[in-house]
Amino acid sequence: MSVDGEVDTGKKSLSMPLERFFLRKTNTKLESLQKHNSSPNYGSGYSGETETLTTFSWDDQNVRRVFIRKVYSILLLQLLVTVSIVAIFTFCKPVQGYVQANPAWYWASYAVFFITYLILACCSGPRRYFPWNLILLSIFTLSMAYLTGMISSYYNTTSVLLCLGITALVCLSVTIFSFQTKYDFTSCQGVLFVMLMVLLFSGIILAFTLPFHYVPWLQAIYAVLGAIVFTMFLAFDTQLLMGNRRYAMSPEEYIFGALNIYLDIIYIFSFLLQIFGSSRD
């Protein structure tokens with residue numbers, strides 16, 4: 001298979017996994033939320049499949065600080081692992097050749113990623129029960145890191161470094177802005193849902209048109225839209241951690257908070273690769 005053919009395959013594989021759990025991502029987020037204005041405490045609970053709310057109060061600054069520290073400590077470890085694997089797949093030629101010659105590992109990693117994501121996103125028990133929550137998150141992170149590293153191996157090294165730098169600047173800027181601004185992104189679920197639907201159906205159309213090269217610029221539009229949508233999701237997920245917005249995340253959901261922000265960052269990087277990336281010679 002030619003290099004150009006491999007690059008097209010890699011890009012297509014990048015876009016297609018997104019659609020399979022967009023709706024699940026949106027629905028499971030809303031299950032972990034509580035309206036902040038309704039009650040300052042998480043005192044009551046729900047039976048059945050609905051998650052039980054905790055008894056912590058967001059008025060307690062120590063609880064909020066510890067929760068945010070946990071989320072960003074876990075997120076930092078996830079990103080360090082991912083960047084390390086991307087660097088190995090990008091700079092080490094034998095590893096790069098091996099992963100490209102064995103796509104079965106990609107699909108196996110995707111299956112592990114998808115299963116662990118569903119468990120962590122849909123089941124409150126495993127993601128709250130130590131140490132299974134950390135074990136599942138570690139497996140999830142390793143599988144996602146492999147997927148990201150393999151996709152990066154199809155791109156020029158300069159492009160990967162450029163997109164890593166842009167992603168870092170974008171995420172840092174959005175995080176600082178989300179903590180400082182008075183604008184409440186958590187009240188914009190309707191707008192995010194509409195944009196997510198546009199991205200979903202654009203991806204479906206892209207899946208059918210990309211192999212035939214009917215609309216060459218459609219993938220660029222799709223990548224730009226995806227980068228914008230997940231940048232907005234990054235602001236949304238960041239403000240859920242703060243607790244002083246319309247919606248707040250339970251302090252027990254530090255695994256879920258880290259998982260959401262990690263996915264936002266990975267998708268921003270992936271879409272930026274499609275926008276600015278150039279294939280290897």
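Worth knowing before you read on, the calculation uses all heavy atoms, side chains too, and leaves out hydrogens, waters and symmetry mates.
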query: Within a strict 4.5 Å, meaning less than it, do heavy atoms of the Met232 and Phe185 side chains meet?
result: no
query: Would you say Cys171 and Phe269 make side-chain contact, with heavy atoms under 4.5 Å?
result: no
Nearest-0.5 Å distance, CG of residue Leu142 to CG of residue Leu137: 9.5 Å
task: Could you walk me through whether Val229 and Phe271 pass the side-chain contact (heavy atoms from CB on, under 4.5 Å) test, one step at a time?
output: CA-CA 10 Å; Val229 169; Phe271 282 118; over 6 Å; no
Thr175 vs Tyr72 side-chain heavy atoms within contact, under 4.5 Å: yes
task: Supply the atom-to-atom distance Thr90 OG1 to Asn156 CG, rounded to the nearest 0.5 angstrom.
output: 10.0 Å
message: Leu192 vs Leu196, test: side-chain contact (heavy atoms from CB on, under 4.5 Å). Steps then yes/no.
response: CA-CA 6 Å; Leu192 290 174; Leu196 207 56; over 6 Å; no
field: Any Ile255 side-chain heavy atom under 4.5 Å of Leu134 side chain
entry: yes
statement: Scanning both residues in full, the closest heavy-atom pair of Ser202 with Leu225 reads OG-CD2, 4.3 Å
statement: dist Leu272:CG -> Thr231:OG1 (nearest 0.5 Å) comes out at 7.5 Å
statement: Residues Tyr155 and Leu273: closest non-hydrogen pair is CE2-O, 3.5 Å
query: Is there a side-chain contact between Ile204 and Phe201, using heavy atoms and a 4.5 Å cut-off?
result: yes
field: For Phe140, the option from Phe256, Tyr110, Phe113 that meets ring-ring contact (aromatic ring centres under 6.0 Å, His included)
entry: Phe113
message: Main chain of Tyr183, side chain of Gln239: is a donor-acceptor contact present, judged purely on distance under 3.5 Å?
response: yes
query: Quick one: does Val99's side chain get under 4.5 Å of Tyr146's, heavy atoms only?
result: yes
message: Would a single hydrophobic cluster contain both Phe67 and Phe130, if residues Ile, Leu, Val, Met, Phe, Trp and Tyr are joined by side-chain heavy-atom contacts under 4.5 Å?
response: yes
field: Hydrophobic cluster membership, Ile139 vs Tyr262, 4.5 Å side-chain cutoff
entry: no
- prompt: In the single-linkage hydrophobic clustering (I, L, V, M, F, W, Y; side-chain heavy atoms under 4.5 Å), do Leu76 and Val83 co-cluster?
  reply: no
- request: Locate the shortest heavy-atom distance separating Ser159 from Phe276; write the atom from each residue and the value.
  value: OG-O, 4.0 Å
- line: Heavy-atom closest pair (Ala258 atom, Ile74 atom, distance to 0.1 Å) is CB-CG2, 3.8 Å
- prompt: Measuring from Ile166:CD1 to Ile275:CD1, what's the distance to the nearest 0.5 Å?
  reply: 8.5 Å
message: Could you check whether any side-chain heavy atom of Met144 comes within less than 4.5 Å of a side-chain heavy atom of Thr141, counting everything from C-beta outward?
response: no
query: For the atom pair OG1 (Thr116) and CD1 (Ile135), what is the distance rounded to the nearest 0.5 Å?
result: 13.0 Å
query: Distance only, no hydrogens: is a donor on one side chain within 3.5 Å (strictly under) of an acceptor on the other, for Gln96 and Ser153?
result: no
message: Between Leu80 and Leu259, is there shared hydrophobic-cluster membership here, with clusters defined by ILVMFWY side-chain heavy atoms closer than 4.5 Å?
response: no
message: Let's go through Glu253 and Leu240 carefully: what are the C-alpha distance in whole Å and the side-chain angles of both, what is the deciding distance for side-chain contact (heavy atoms from CB on, under 4.5 Å) to 0.1 Å, and is it a yes or a no?
response: CA-CA 11 Å; Glu253 295 289 0; Leu240 287 180; over 6 Å; no
message: Hydrophobic clustering (ILVMFWY, side-chain heavy atoms < 4.5 Å, transitive) - are Val224 and Met195 grouped together?
response: yes
message: Checking the side chain of Thr181 only, and the main-chain atoms of Phe177 only, is there a donor and an acceptor separated by less than 3.5 Å?
response: no
- prompt: Given Leu263, which of Tyr117, Phe230, Phe233 fulfils the side-chain contact (heavy atoms from CB on, under 4.5 Å) condition?
  reply: Tyr117
Which atom of Tyr106 lies closest to which atom of Met150, heavy atoms considered: CB-SD, 3.1 Å
field: Asn133 CG to Ser138 OG distance, which is reported to the nearest 0.5 Å
entry: 9.0 Å
- prompt: Any side-chain heavy-atom pair from Leu77 and Val81 closer than 4.5 angstrom?
  reply: no
- prompt: Shortest non-hydrogen contact from Leu147 to Ser109?
  reply: CD2-CB, 3.9 Å
- prompt: After noting the C-alpha distance and the side-chain angles of Thr148 and Ile85, does the key distance pass the side-chain contact (heavy atoms from CB on, under 4.5 Å) rule?
  reply: CA-CA 8 Å; Thr148 307; Ile85 293 179; over 6 Å; no
